[in-house]
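Because the structure is a prediction, the values reported are computed rather than measured.
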Amino acid sequence: EAAVTQSPRNKVAVTGGKVTLSCNQTNNHNNMYWYRQDTGHGLRLIHYSYGAGSTEKGDIPDGYKASRPSQENFSLILELATPSQTSVYFCASGDWTSNERLFFGHGTKLSVL
Amino acid sequence: QQKVQQSPESLSVPEGGMASLNCTSSDRNFQYFWWYRQHSGEGPKALMSIFSDGDKKEGRFTAHLNKASLHVSLHIRDSQPSDSALYFCAASEHSNNRIFFGDGTQLVVKP
């Protein structure tokens, strides 16, 4: 099955610090997505990408940057982490070849202290 | 307005019972509908898709789509404790790569 790998699995950061969450997919999908999931909320879209070099803002992009240096890799960057960004982050890939089915990673649990 | 709305927020059924989850979209351009299931501590996994009006059955799971009313449902017969999870409905257009998720339905199957 298609694989999406996130790293790290857990991260503790300090307020004001820089955090980079990484995602790698071996599915050769054009589209990749970053979501966050908080208790009581569903999946909220932060940034997404249509291919290498492209990034698009999702529904909650403030405080986050994204980078898609290659087809396989998509990073989420928190330049100045805040406690409100404590959450579980999921990366996903998918496109028309999968009938828009998304393949998710296992998630990264981020705590900002 | 959220483009995909799910109900109920939570649902409890006895083992062996039928669970029915609902999803309503507000965009008539949506053509692809997926159901995802997320067990605690894991990422969501696609359960099944439905793109045409009518029913689609896969084992104990049946999805139903009515494009005229913009309504999608998922029915799980003979529910098992292992079906306890958070279920998401997702919808997308053909020409737009955005995928919209509902807030999910928490299903608990009690032994």
In the single-linkage hydrophobic clustering (I, L, V, M, F, W, Y; side-chain heavy atoms under 4.5 Å), do F88(B) and V108(B) co-cluster? no

Best-contacting candidate, A46(B), G41(B), P44(B), against chain A by heavy atom pairs under 4.5 angstrom: P44(B)

Between F90(A) and E42(B), the two heavy atoms sitting closest are CZ-O, 3.7 Å

Would a single hydrophobic cluster contain both M48(B) and L11(B), if residues Ile, Leu, Val, Met, Phe, Trp and Tyr are joined by side-chain heavy-atom contacts under 4.5 Å? yes

Could you walk me through whether Y48(A) and R98(B) pass the side-chain contact (heavy atoms from CB on, under 4.5 Å) test, one step at a time? CA-CA 9 Å; Y48(A) 59 107; R98(B) 277 291 308 268; 3.3 Å; yes

Could you tell me whether the side chains of Q37(A) and Q38(B) share a donor-acceptor contact shorter than 3.5 Å? yes

Are I76(B) and V13(B) grouped together when hydrophobic residues (ILVMFWY) are joined by side-chain heavy atoms under 4.5 angstrom apart? yes

Count I, L, V, M, F, W, Y as connected when their side-chain heavy atoms are under 4.5 Å apart, and connections chain through other members. Are V19(A) and Y89(A) then in the same cluster? yes

Give, for atom CZ of R101(A) and atom CH2 of W34(B), the distance between the pair rounded to the nearest 0.5 Å. 5.5 Å

How about NE2 on H106(A), more than 12 heavy atoms from neighbouring residues, nucleotides or ligands closer than 6.0 Å, or not? no

For Y36(B) and L102(A): C-alpha separation, side-chain torsions, deciding distance, then whether side-chain contact (heavy atoms from CB on, under 4.5 Å) applies. CA-CA 9 Å; Y36(B) 290 81; L102(A) 293 187; 3.4 Å; yes

Just how far is it from atom CG of N31(A) to atom CD1 of I99(B), taken to the nearest 0.5 Å? 7.5 Å

Going only through I, L, V, M, F, W and Y residues with side-chain contacts under 4.5 Å, is there a path from L76(A) to Y50(A)? no

Go through it in stages, so that I can follow the logic: the residues are F100(B) and L43(A), the test is side-chain contact (heavy atoms from CB on, under 4.5 Å), and I'd like the CA-CA distance, side-chain angles, deciding distance and then a yes or no. CA-CA 9 Å; F100(B) 295 88; L43(A) 297 164; over 6 Å; no

